[in-house]
Colleague: 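One structure, pasted below without further comment.
The basis for the numbers below is simple: all heavy atoms, side chains too, and nothing from hydrogens, waters or symmetry mates.
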Amino acid sequence: MDSHTIETLAITAVKESIELSKYLSQFIAENDRGPSLDGYINIYNGKSKYKRDIIGRINVQIKGKISKDITREKISYPVSIDDLNTYLMVGGVLFFVVLISPDGLRKKLYYLDLTPIRIRDLIRRMSGNQKTKSIELKSLPKNSDRIASIVQNCFKHCHLQASFSSSPLPTFDMLKHAENFEGICIPVNVRGFSDPESALVNSNNYLYAIIKGSPIPHPIDELPEKFFISEEIHVPVYVADIQFYKFYFRLLEKDNKETIKIGDSFIMHLDHVGNIIKCAFNTSDKLRAAATDLSFILAVIKEGQFTIGNTVYQVDFSNGEFKDFNVNDKTETASFMCRAVAALDILGFTDDISLSQMTDADIFNLNILITAFVDNKQVSGLRKSLPILTKMSIQGHIFLLFFLPSSESATTYYVKDFFRCDVPIRSKIEGSKSVQISQYHFITPEDYIEVVNVRYDRILDSCKSCHGGAEVYSSINMILLNLLKAYDSGVKNSSEALNSARQIAEWLLNCSECSIPREYLTLNYYQVIRRIRALNAMEAHEVYTISESSSASEDIIVGANLILGNKTAAKIHFERMSKAQQEEFSDTPIYTLFTQ
């Protein structure tokens with residue numbers, strides 16, 4: 001078959017496809033000898049094909065090629081650098097390649113929208129002496145509305161990009177730091193599609209920046225290779241009568257193929273009618289997700305099915321991705337993971353930990369927690385003479401625990417959560433007689449910051465349970481000040497720490513047995529309030545009265561002025577203090593108000 005015949009058959013095939021649409025008409029010359037272009041397609045508003053209803057025009061280039069295989073969905077075709085430069089100069093083209101069977105009876109059309117952005121990208125990726133560049137084309141759909149959508153999209157993008165064809169274009173990374181960048185838009189024509197989502201994932205898309213003060217979108221110098229839409233579907237996922245998830249993710253891809261993602265580990269690919277094509281399970285690296293996901297997939301294997309909402313999915317795991325899936329080993333692993341999660345939940349630790357970074361020491365410590373808190377048993381086989389108050393690390397997360405010796409063995413302990421176990425502690429404070437103090441007396445500000453199983457809601461009750469006379473209140477006051485230091489240092493649950501400090505300060509202020517001078521208790525209470533909100537007039541007057549008292553010591557006057565925001569007065573009185581007093585005052589949380 002000679003080149004003239006090939007060209008005629010190719011052009012005729014494109015013409016027929018175009019003319020079937022009420023939105024398009026073609027003006028394509030056969031045997032055209034002009035450089036690079038074969039004609040153009042007019043685009044109409046759909047009312048008629050009169051001139052008054054034309055909304056745009058796009059240039060076209062058509063190539064024909066003999067091929068024994070015309071079943072492919074994508075093909076490659078070489079385009080010369082000279083032609084690319086011509087296409088860029090005219091503002092872009094819609095490029096067609098028609099594969100023709102050797103007998104000329106069968107044809108398949110392919111297309112690529114060569115917009116200015118795409119042409120620039122192709123030229124940029126050519127080496128200095130390269131004369132041609134291979135482009136990838138997709139098969140042209142047979143639906144006339146879909147064809148109209150392709151042509152209209154090409155015209156729209158060529159029009160939007162035309163004035164920027166020779167200008168430097170920003171990348172997304174450049175734009176996201178720009179003050180006038182307001183967002184991104186992705187224009188797409190939905191004709192021929194059931195919904196905008198299908199149009200988006202099945203079209204060639206371009207990104208445009210919305211720039212403050214500019215009436216038109218600005219093209220971004222990036223070509224998305226693949227689009228998909230992810231949607232969180234709040235429908236429960238069951239196996240038998242057990243609910244494993246409250247929602248799942250639906251990913252819509254090209255040709256309306258769906259991917260269902262359940263949890264972090266299980267993916268199910270569906271065809272366009274919802275039949276399962278393929279399943280895959282890759283265990284999540286996160287302990288909590290992996291525990292749920294592995295339990296789910298084991299239940300599915302046992303039952304042979306699972307349910308999403310009211311839809312039942314039958315799953316065959318006898319081959320493919322699951323042929324090497326050892327159910328016994330996975331069951332044992334899932335049991336350990338679920339019990340580990342249960343132990344961490346009991347300790348109030350809700351974050352996750354990485355399985356890939358877990359060490360033997362981490363696993364050993366997790367087993368201690370499982371035995372102590374899930375099985376409620378003593379833990380044996382530990383070192384002798386462990387400190388009663390011990391910090392345990394699991395992947396850098398620090399837990400504060402009581403290790404109480406057991407009478408059974410020197411290497412056996414009752415392991416208790418420090419923050420969920422009330423342990424009576426008697427101690428001598430400042431040379432006093434032995435008194436019962438709160439276990440929180442031994443917690444430093446650094447502990448509140450470092451330890452992950454803190455329970456702030458138990459601190460006040462622990463303080464109230466202390467006995468032994470007026471001396472014990474200095475210990476409780478120290479707990480209050482340590483909480484404020486932790487808050488000022490950025491402790492994780494800062495609002496809980498501050499609320500606990502407020503409760504203690506308020507209780508001390510109203511406690512008739514407390515021997516601490518009232519002006520100190522008052523200032524401690526109001527320095528907590530100051531961290532929460534501004535003082536009202538009555539509160540400010542009370543603090544001012546303390547600052548003006550003739551009997552007030554310098555540290556009281558400094559503290560009162562700091563609470564009132566009078567830093568100049570506070571500095572004057574601070575400088576009147578001795579060096580030792582200044583150093584002592586600088587270590588108190590109220591001193592931080594100098595910097596606020």
Colleague: Could you walk me through whether Asp221 and Arg124 pass the side-chain contact (heavy atoms from CB on, under 4.5 Å) test, one step at a time?
Modeller: CA-CA 11 Å; Asp221 196 12; Arg124 183 170 55 232; 3.2 Å; yes
Colleague: Counting heavy atoms not belonging to Ile388, are there more than 12 under 6.0 Å from its CD1?
Modeller: no
Colleague: Look at atom NZ of Lys391 and say whether more than 12 heavy atoms of other residues, nucleotides or ligands are closer to it than 6.0 Å.
Modeller: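 More than 12 heavy atoms, drawn from other residues, nucleotides or ligands, come within 6.0 Å of this atom.
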Colleague: When rounded to the nearest 0.5 angstrom, what is the spacing between CD in Gln161 and OG in Ser167?
Modeller: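 Answer rounded to 0.5 Å: 12.0 Å.
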Colleague: Quick check: closest heavy atoms across Gly348 and Arg420, and the distance to 0.1 Å?
Modeller: CA-NH2, 3.5 Å
Colleague: Output, in order, the C-alpha distance, side-chain angles, deciding distance and verdict of side-chain hydrogen bond (donor to acceptor under 3.5 Å, both in side chains) for Tyr245 and Asp293.
Modeller: CA-CA 9 Å; Tyr245 306 95; Asp293 295 347; 2.5 Å; yes
Colleague: Going by distance alone, is a donor N or O of one side chain under 3.5 Å from an acceptor N or O of the other, for Asn482 and Tyr440?
Modeller: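 No, no side-chain donor-acceptor pair sits under 3.5 Å.
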Colleague: Do Arg530 side-chain atoms and Leu535 backbone N/O form a donor-acceptor pair below 3.5 Å?
Modeller: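 No; zero donor-acceptor contacts below 3.5 Å.
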Colleague: Start with the C-alpha distance between Asp417 and Arg458, add both sets of side-chain angles, then the distance that settles salt bridge (Lys or Arg N to Asp or Glu O under 4.0 Å), and finish with yes or no.
Modeller: CA-CA 12 Å; Asp417 181 0; Arg458 294 178 62 91; over 6 Å; no
Colleague: Which value, rounded to the nearest 0.5 Å, describes the distance between Ile443 atom CD1 and Leu389 atom CG?
Modeller: 6.0 Å
Colleague: Are a donor atom and an acceptor atom from the side chains of Ser462 and Ser438 found within less than 3.5 Å of each other?
Modeller: yes
Colleague: If the plane angle is over 60° it's perpendicular, under 30° parallel, otherwise tilted; pick one for Phe266 and Phe306.
Modeller: perpendicular
Colleague: Looking only at non-hydrogen atoms, find the nearest pair between Ser284 and Ala290 and report the distance.
Modeller: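 Of all heavy-atom pairs spanning Ser284 and Ala290, the closest is O-CB, 3.6 Å.
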Colleague: We want to know whether Glu408 and Gln378 form a side-chain donor-acceptor pair, criterion being a heavy-atom distance below 3.5 angstrom.
Modeller: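 Gln378 and Glu408 do have a side-chain donor-acceptor pair below 3.5 Å.
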Colleague: Under the ring-ring contact (aromatic ring centres under 6.0 Å, His included) test, which residues partner His218, sequence neighbours left out?
Modeller: Phe164
Colleague: Hey, does Ile117 have a side-chain heavy atom less than 4.5 Å from the side chain of Asp121?
Modeller: no
Colleague: Let me check something: any side-chain donor-acceptor pairs from residues 544-552 under 3.5 Å, sequence neighbours excluded? List them with distances.
Modeller:
unit_1: Thr545; atom_1: OG1; unit_2: His541; atom_2: O; d: 2.8
unit_1: Ser547; atom_1: OG; unit_2: Tyr544; atom_2: O; d: 2.6
unit_1: Ser549; atom_1: OG; unit_2: Ser551; atom_2: N; d: 3.4
unit_1: Ser549; atom_1: OG; unit_2: Ser551; atom_2: OG; d: 3.1

Colleague: For Asp555 and Ser553, what are the C-alpha separation, side-chain angles and deciding distance, and is it a side-chain hydrogen bond (donor to acceptor under 3.5 Å, both in side chains)?
Modeller: CA-CA 6 Å; Asp555 60 338; Ser553 59; 2.4 Å; yes
Colleague: Can you tell me if CG on Asp360 sees more than 12 non-hydrogen neighbours from other groups inside 6.0 Å?
Modeller: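 Not buried by this count: 12 neighbours or fewer within 6.0 Å.
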Colleague: Rounded to the nearest 0.5 Å, how far apart are CG of Leu562 and NZ of Lys571?
Modeller: 12.5 Å
Colleague: Using only heavy-atom distances, determine whether the side chains of Asn328 and Thr331 contain a donor-acceptor pair under 3.5 Å.
Modeller: no
Colleague: Do Leu401 and Ile368 come within less than 4.5 Å of each other through their side chains, counting heavy atoms only?
Modeller: no
Colleague: At their closest point, which heavy atom of Pro187 faces which heavy atom of Tyr206, and how far apart are they?
Modeller: CD-O, 4.1 Å
Colleague: Can you label the angle between the Tyr591 ring and the Phe574 ring as parallel, tilted or perpendicular, going by 30° and 60°?
Modeller: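 If you compare the ring of Tyr591 with that of Phe574, the planes turn out tilted.
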Colleague: In the structure I gave you, are the side-chain heavy atoms of Ile308 and Ile262 within less than 4.5 Å of one another anywhere?
Modeller: yes
Colleague: Picking from Thr292, Leu366, Leu287, what satisfies side-chain contact (heavy atoms from CB on, under 4.5 Å) with Met337?
Modeller: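 Single side-chain contact (heavy atoms from CB on, under 4.5 Å) partner of Met337 among Thr292, Leu366, Leu287: Leu287.
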Colleague: More than 12 heavy atoms of other residues, nucleotides or ligands under 6.0 Å from CZ of Arg383: is that the case?
Modeller: no
Colleague: Take the angle between the ring planes of Tyr473 and Trp507 and call it parallel below 30°, perpendicular above 60°, tilted in between.
Modeller: tilted
Colleague: Using the rule given for salt bridge (Lys or Arg N to Asp or Glu O under 4.0 Å), can you reason through Arg250 versus Glu231, listing the C-alpha separation, both sets of side-chain angles and the distance that settles it, and then say yes or no?
Modeller: CA-CA 5 Å; Arg250 169 180 174 263; Glu231 181 181 9; 3.2 Å; yes
Colleague: Please determine which of Phe419, Tyr413, Phe418 meets the ring pair (Phe, Tyr, Trp, His ring centres under 6.0 Å) test together with Phe402.
Modeller: Phe418
Colleague: Does anything in residues 362-373 form a side-chain hydrogen bond (donor to acceptor under 3.5 Å, both in side chains)? List the pairs, not counting sequence neighbours.
Modeller: Thr359-Asp362
Colleague: Determine whether Leu169 and Ile220 make a side-chain contact, defined as any pair of heavy atoms from C-beta on separated by less than 4.5 Å.
Modeller: no
Colleague: Are side-chain heavy atoms of Val300 and Phe281 found at a separation under 4.5 Å?
Modeller: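 No, side chains not in contact.
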Colleague: Around atom CD of Glu584, are there more than 12 heavy atoms from other residues, nucleotides or ligands closer than 6.0 Å?
Modeller: no
Colleague: Can you find a heavy atom in the side chain of Leu483 that is under 4.5 Å from one in the side chain of Ile459?
Modeller: yes
Colleague: If I take atom CD1 from residue Ile590 and atom CG from residue Asn561, how far apart are they, to the nearest 0.5 angstrom?
Modeller: 10.0 Å
Colleague: Given side-chain hydrogen bond (donor to acceptor under 3.5 Å, both in side chains), test Glu496 with Asn499 step by step and report yes or no.
Modeller: CA-CA 5 Å; Glu496 294 181 35; Asn499 185 58; over 6 Å; no
Colleague: Nearest heavy-atom pair of Cys279 and Met268: which atoms, and what distance?
Modeller: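 Distance-wise, the nearest heavy atoms are SG-CG, 4.0 Å.
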Colleague: A quick test of your reading: do over 12 heavy atoms of other residues, nucleotides or ligands sit less than 6.0 Å from CD of Gln243?
Modeller: yes
Colleague: Show, in sequence, the C-alpha distance, side-chain angles and deciding distance for Arg288 and Asp264, and conclude whether the salt bridge (Lys or Arg N to Asp or Glu O under 4.0 Å) test is met.
Modeller: CA-CA 10 Å; Arg288 291 181 176 277; Asp264 284 359; over 6 Å; no
Colleague: Look at Asp488 together with Lys485 and state whether they make a salt bridge at an N to O cut-off of under 4.0 Å.
Modeller: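 Result for this pair is no, no salt bridge flagged.
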Colleague: Report yes if the side chains of Ile184 and Leu175 come closer than 4.5 Å at any heavy-atom pair, otherwise no.
Modeller: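 In short, these two side chains do not touch, never coming nearer than 4.5 Å.
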Colleague: Report the relative orientation of the aromatic rings in Phe349 and Phe399; use parallel for angles under 30°, tilted for 30 to 60°, perpendicular for over 60°.
Modeller: perpendicular
